[in-house]
**Student:** 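Quick one: the structure is below, questions incoming.
Predicted model only: the values in this text are computed from it and were never measured. Start at 1 and go down the list; that is how both ligands and their atoms are numbered.
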Amino acid sequence: MEEKSSTQFVNPIQVEFHSHLIFGVDDGCETIEQSIEILRHFEKLGMRKVITTPHVMSDFYKNSKENIYPLRDEIRKRLVEENIQIEFDAAAEYMIDDGFEKKIAAGNLLTFGPEGKHILVELPFMTEPRNFSSCLFELQIGGYIPVLAHPERYLYYANEKDKYHELKDRGVLFQLNMLSALGYYSKPVADAANYLVNQKLIDLVGSDTHHMRHMQILPEAIENKTYKKVCEAELLNNYL
Ligand SMILES: [Fe+2]
């Protein structure tokens, strides 16, 4: 009830950095038309910049700069043609799998952030991978800043919350999915999202948009009280 009497909430986030808008390379957009439609919606939501993050996995999605950058450039061209006022770039969402250490050693990773040092990583949903700790170590000695995608979705951490604090103590940044607190994924994920926000463990927020169905729920997510609360913290989005 008190929400209604307060002044209208203006979303302070102007940089969106977790989505799957490079068409045809992962489980996100399939065509450039879909990519453009979503970017048009982001413009309407007040985003000035979108950094999209296609999956990179050693088995399913073998993406790299070589195939991502030309597609990013194609989308940029269309944004100009369609007069959509949004700065568009591409990084990646790297799965921590058996092939990831090799990728770190090879360099040439898709990164983002003011110094190109931030790297978005994700974990399998069932168990923490054996090499996660060593991957973090390799990333950090290589000068990268690891950002863990949607920590609230890994229930093996949600059920053992000390793990969240251990990762934060190691310098891992946390990115909350905007749809999580709504209960879009599940009740335990929503509970974990609330925990992370209340503990002030969140550094960035992201939409993890794959398709228009996600975009359609985003306005509701922006009105959610957990989202408003996380926005009171010093988030890094607008510095990217
Ligand atoms: Fe994602």
Side-chain angles (χ1 to χ4, degrees), residues 13 15-30 34-35 37-39 41-42 45 47 49-65 67-68 71-72 75 88-97 99-100 103 109-113 118-126 128-129 132 135 139 144-158 167 172-186 189-190 192-193 196 202-218 221 227 230 235-237 240:
I13 303 300
V15 180
E16 156 55 37
F17 87 102
H18 184 169
S19 65
H20 299 269
L21 309 185
I22 300 288
F23 52 98
V25 303
D26 63 7
D27 57 345
C29 291
E30 291 168 0
Q34 291 175 355
S35 314
E37 187 184 9
I38 289 173
L39 285 162
H41 274 75
F42 274 131
L45 284 177
M47 297 296 162
K49 181 172 180 181
V50 170
I51 305 163
T52 197
T53 48
H55 288 291
V56 179
M57 298 180 184
S58 295
D59 43 9
F60 290 118
Y61 304 122
K62 299 180 183 182
N63 295 312
S64 66
K65 283 182 184 172
N67 72 319
I68 296 300
L71 295 167
R72 172 200 66 183
I75 293 173
F88 182 66
D89 211 342
E93 181 180 19
Y94 286 98
M95 174 61 82
I96 304 289
D97 55 23
F100 187 57
K103 290 191 183 82
L109 295 169
L110 284 143
T111 57
F112 59 100
H118 290 72
I119 180 162
L120 185 65
V121 299
E122 66 171 332
L123 301 171
F125 290 119
M126 296 306 284
E128 182 186 67
F132 186 34
C135 284
L139 283 173
Y144 297 100
I145 302 167
V147 178
L148 181 61
H150 38 64
E152 72 280 6
R153 296 192 65 190
Y154 310 120
L155 295 181
Y156 45 87
Y157 290 156
L167 288 172
V172 177
L173 302 185
F174 281 1
Q175 174 257 309
L176 179 84
N177 268 15
M178 290 168 71
L179 300 183
S180 289
L182 284 182
Y184 176 80
Y185 303 101
S186 72
V189 170
L196 292 169
I202 298 299
D203 303 283
L204 303 118
V205 293
S207 69
D208 204 358
T209 298
H210 285 67
H211 40 64
M212 270 309 290
R213 292 189 299 287
H214 285 148
M215 283 310 291
Q216 279 150 2
I217 315 168
L218 271 192
Y227 181 75
V230 77
L235 296 176
L236 299 178
N237 286 68
L240 299 178

**Student:** Does the pair Arg72/Asp89 count as a salt bridge with the N-to-O cut at 4.0 Å?
**Tutor:**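 Yes, this pair counts.
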**Student:** Looking only at side-chain N and O atoms, does Asp208 offer a donor or acceptor that is under 3.5 Å from a partner on His214?
**Tutor:** no
**Student:** Report the name of the N/O/S atom of Glu93 located nearest to the Fe ion (ligand 1).
**Tutor:**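 For Glu93, the N/O/S atom sitting closest to the Fe ion (ligand 1) is OE1.
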**Student:** Are Asn177 and Tyr184 close enough that a side-chain donor and a side-chain acceptor fall under 3.5 Å?
**Tutor:**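 Short answer, no.
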**Student:** Please confirm if an N, O or S atom belonging to His20, backbone or side chain, lies less than 2.8 Å from the Fe ion (ligand 1).
**Tutor:** yes
**Student:** Which atom, counting only N, O or S, brings Asp208 closest to the Fe ion (ligand 1)?
**Tutor:** OD1
**Student:** When you measure from the side chain of Asp97 to the backbone of Ser58, do you find a donor-acceptor pair of N or O atoms at a distance under 3.5 Å?
**Tutor:**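 Yes; judged by distance alone, with no hydrogens or angles, the pair exists.
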**Student:** Below 2.8 Å, can you find an N, O or S atom of His18 next to the Fe ion (ligand 1)?
**Tutor:** yes
